[in-house]
There are 2 protein chains.
Amino acid sequence: MALEHAILVSLTERAGSGYELARRFDRSIGYFWPATHQQIYRVLRRMEEAGWVKHTEIAQDGRPDKKIYRVSAAGRAELSRWLATPDDPAVLRDSLGVKLRGASLTAPGLVRQEVERHRAEHATRLELYRGIAHRDFPKPAKLHGRDLHQYLVLRGGIRAEESFVAWCDEVIDALRKDKS
Amino acid sequence: MALEHAILVSLTERAGSGYELARRFDRSIGYFWPATHQQIYRVLRRMEEAGWVKHTEIAQDGRPDKKIYRVSAAGRAELSRWLATPDDPAVLRDSLGVKLRGASLTAPGLVRQEVERHRAEHATRLELYRGIAHRDFPKPAKLHGRDLHQYLVLRGGIRAEESFVAWCDEVIDALRKDKS
DNA sequence: CCTACCTATGCAACTGGTTGCAGTGCACCT
DNA sequence: AGGTGCACTGCAACCAGTTGCATAGGTAGG
């Protein structure tokens, strides 16, 4: 139920079209709340019906018209309401855990390879996050307000990936030793 | 798409009814792949149609009849196939990140309180996991095969919760300092 | 005695998210 | 000239997961 609110946060920072939102999600919020353009379009329409956003059509030449959405007063109110409402902590859900539990039901080494694959992908994402942190927030101690919040979210991504990679290493190591 | 496979893993370890599976999910696999009894019943029926499991009805007195499911040869084959198929790494999806990004749009301290709440819940879960690890796996260095795999999954949960709690502390600290 | 919870299964309605497809026109590369 | 890819919107079908409810007898506690 937070996609609406993720969109409200993003549109509050800066108005934009569904397409632009999808790009933004790909590049930043989406690292922590993924969404496809389909979903964004659908939710935007629903949000407009609820009166949380309104759009103005912009004709462009050379490329399709676009609809720029901006947050209404009702949308701001809804966002405040949501920010003040506690919600349940997110749960872990990773098929790699299931595979690991079933590891002894297949060829030795097979699941280890899968763990290695995941490790590599998470390490790549970690590097991506670290790059963003380095480029966009070179002096984290000086940050305040919105910039600080954005940085802290990124820190969450970095920590999550770091710990995932470390876990993969522990698993790979243990599986290697177990086989010998 | 892994619920089927989580069930296959669990039923391979030991046959059981839908209800029992739901209990087991609550107590162990479900920490890493949550599922309600509704979903389990529905998926079990689908799996039986696919020929992956079959059930035998057990009449009980005093309590309702139950259907004990066990994995068929086709189910074992499907599980092997799945174990050998790579899948995409799980993505982070936590509304707390969205709230943090919107923190400056509301009263100072409000989002910090929510982070504190989440910290407390994750810390509780961490203690739960540590307790299980301590009780069920007192000598981790000696583990092999299935026990080792189960332990490693638990380690993943412990690491994830540890890193989440540490992140919360970082966030709480930074938000406190920012306000002054 | 009454309430509340446990075992055990299940239906129905809904919400959220994914996948595949479709159309338009420009820009770039070969 | 032809293909790929980007910008921009959207429909339709599907899959996965959640929530609320129903049924039914047993056991434990106030």
Side-chain angles (χ1 to χ4, degrees), chain A residues 1-8 15-27 29-30 32-50 53 55-69 82 87-95 98, chain B residues 1-8 11 15-27 29-50 53 55-69 82 87-95 98:
Chain A
M1 221 169 295
L3 179 55
E4 276 90 336
H5 301 101
I7 290 175
L8 285 174
S17 69
Y19 190 83
E20 279 166 1
L21 275 169
R23 293 299 113 237
R24 278 188 229 171
F25 269 66
D26 283 350
R27 280 177 32 268
I29 296 193
F32 310 94
W33 201 275
T36 61
H37 75 274
Q38 308 295 351
Q39 214 185 326
I40 289 172
Y41 283 127
R42 204 143 38 109
V43 169
L44 276 173
R45 232 174 311 132
R46 207 194 305 156
M47 288 169 77
E48 185 145 43
E49 275 164 39
V53 295
H55 78 268
T56 39
E57 217 128 332
I58 307 279
Q60 306 185 107
D61 51 46
R63 52 191 55 179
D65 297 358
K66 62 177 169 181
K67 299 179 179 173
I68 300 288
Y69 287 89
W82 179 74
D87 46 25
D88 289 343
V91 284
L92 194 57
R93 179 171 267 170
D94 194 329
S95 66
V98 181
Chain B
M1 219 170 294
L3 179 55
E4 277 89 335
H5 301 101
I7 290 175
L8 286 174
L11 285 183
S17 68
Y19 189 83
E20 279 166 1
L21 276 169
R23 296 295 115 239
R24 279 189 227 171
F25 269 66
D26 282 350
R27 279 177 32 267
I29 296 194
Y31 293 153
F32 309 94
W33 201 276
T36 61
H37 75 274
Q38 308 294 355
Q39 214 184 325
I40 289 172
Y41 284 128
R42 203 143 37 109
V43 168
L44 276 172
R45 231 173 312 129
R46 205 194 306 155
M47 287 168 76
E48 185 145 44
E49 274 165 39
V53 295
H55 78 267
T56 40
E57 218 129 331
I58 309 278
Q60 306 185 104
D61 52 45
R63 52 191 54 182
D65 297 357
K66 62 177 168 180
K67 299 178 179 173
I68 300 288
Y69 287 89
W82 179 73
D87 45 25
D88 290 343
V91 284
L92 193 57
R93 179 172 266 172
D94 195 329
S95 65
V98 180

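In what follows, chains carry the letters A, B, and so on, assigned in the order in which the sequence lines appear, proteins first and then strands, with residues in each chain numbered from 1.
- The base of C/dT15 does not come close enough to the side chain of A/R46 for any donor and acceptor atom to sit less than 3.5 Å apart.
- Looking only at distances, a side-chain donor or acceptor of B/E48 sits under 3.5 Å from a matching main-chain atom of B/H55.
- Computed from coordinates, the A/Y19 OH to C/dT24 P distance equals 18 Å when rounded to whole Å.
- Along DNA chain D, the stretch of nucleotides lying under 4.0 Å from any heavy atom of chain B spans, 5' to 3', D/dA16 to D/dG26.
- Of all the residues in residues 29-38 of chain B, B/H37, B/Q38 reach under 4.0 Å from DNA chain C with at least one non-hydrogen atom.
- Residue B/E57 contributes atom CD, which lies 10 Å from atom C1' of C/dT9 at whole-angstrom precision.
- Regarding A/Y41, its OH atom lies at a distance of 15 Å from the C1' atom of C/dC21, rounded to whole Å.
- In terms of phosphate contacts, B/R93 brings no side-chain nitrogen or oxygen within less than 4.0 Å of OP1 or OP2 of C/dG16.
- Residue B/D26 contributes atom CG, which lies 11 Å from atom P of C/dC6 at whole-angstrom precision.
- Every residue meeting the side-chain contact (heavy atoms from CB on, under 4.5 Å) condition with B/Q39, not counting sequence neighbours, appears here in chain and number order: B/L3, B/A35, B/T36.
- Rounded to whole Å, the distance from CD1 on B/I68 to P on C/dT7 is 14 Å.
- In this view, A/D87 and A/W82, B/S95, B/K99, B/E114, B/H118 satisfy the side-chain contact (heavy atoms from CB on, under 4.5 Å) rule, not counting sequence neighbours.
- A/R24 places no side-chain N or O within donor-acceptor distance of the main-chain N or O of A/I29, the cut-off being under 3.5 Å.
- In this structure, A/Q39 atom CD and C/dT18 atom C1' are separated by 8 Å, rounded to whole Å.
- Overall, the helix from C/dC1-D/dG30 to C/dT30-D/dA1 carries an axis bend of 30° between its ends, with five pairs at each end and the value rounded to 10°.
- Note that A/R45 lies outside the cation-pi zone of A/Y41, set by a 6.0 Å cut-off to the ring centre and a 45° limit from the axis.
- The nearest heavy atom of DNA chain C to B/R42 and to B/D65 marks one nucleotide each, and the one closer to the 5' end goes with B/D65.
- Judged by distance alone, with hydrogens and angles left aside, the side-chain atoms of B/E4 form no donor-acceptor pair with the main-chain N or O of B/M47 at under 3.5 Å.
- Qualifying salt bridge (Lys or Arg N to Asp or Glu O under 4.0 Å) partners for B/K66, counting only residues two or more places apart in sequence or in other chains: B/E20.
- Regarding B/E20, its CD atom lies at a distance of 10 Å from the C1' atom of C/dA8, rounded to whole Å.
- Whole-Å rounding puts the A/L44 CG to C/dG17 P distance at 14 Å.
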